[in-house]
Amino acid sequence: MKLTVAGTSKEYPNGLTIAQLIEAEKVETPDYVSVSVNDEFAKNAEFATTELHDGDNVEFLYFMGGGC
């Protein structure tokens with residue numbers, strides 16, 4: 001299946017879960033990443049069971065804290 005991951009079109013096997021994609025993409029600090037699929041946030045607790053589908057658009061989002 002074809003997914004768009006962080007703006008790049010890539011091929012992946014059918015039945016891939018969000019958790020498997022995070023591993024395949026070697027996402028840094030996977031415990032702290034938020035994932036949107038087709039502009040909707042996925043729940044972290046469901047990463048292992050949420051399957052992606054052909055044509056999905058996936059973004060990895062990292063929230064940074066800071067201050068002065």
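Here the side chain of Thr4 pairs no donor or acceptor atom with the backbone of Gly7 at under 3.5 angstrom. A donor-acceptor pair is defined here as one N or O able to donate and one able to accept, closer than 3.5 Å; no such pair exists between the side chain of Asp56 and the backbone of Val37. Judged by distance alone, the side chain of Asn38 and the main-chain N or O of Asn57 form a donor-acceptor pair under 3.5 Å.
The closest side-chain heavy-atom distance from Leu52 to Tyr12 is not below 4.5 Å. Counting heavy atoms from C-beta outward, Glu59 and Val35 have side chains that stay 4.5 Å or more apart. At least one side-chain heavy atom of Tyr62 sits under 4.5 Å from a side-chain heavy atom of Thr29.
Between the CE atom of Met1 and the CG atom of Asn14 there is a distance of 5.5 Å, given to the nearest 0.5 Å. If you take CD on Glu51 and CD on Gln20, they are separated by 8.0 Å, rounding to the nearest 0.5 Å. Atoms CD and OG1, from Glu25 and Thr8 in turn, are 8.5 Å apart once rounded to the nearest 0.5 Å.
Counting non-hydrogen atoms of other residues, nucleotides and ligands closer than 6.0 Å to CD of Glu11 gives a total above 12. Residue-environment remark: CG (Asp39) stays at or below the threshold of 12 foreign heavy atoms within 6.0 Å.
Here the closest heavy-atom approach between residue His53 and residue Leu3 is recorded as O-CD2, 3.3 Å. Heavy-atom minimum distance, Pro30 versus Ile22: CB-CG2, 3.6 Å.
Linking ILVMFWY residues whenever their side-chain heavy atoms come closer than 4.5 Å, directly or via other members, leaves Tyr32 and Leu21 in distinct clusters.
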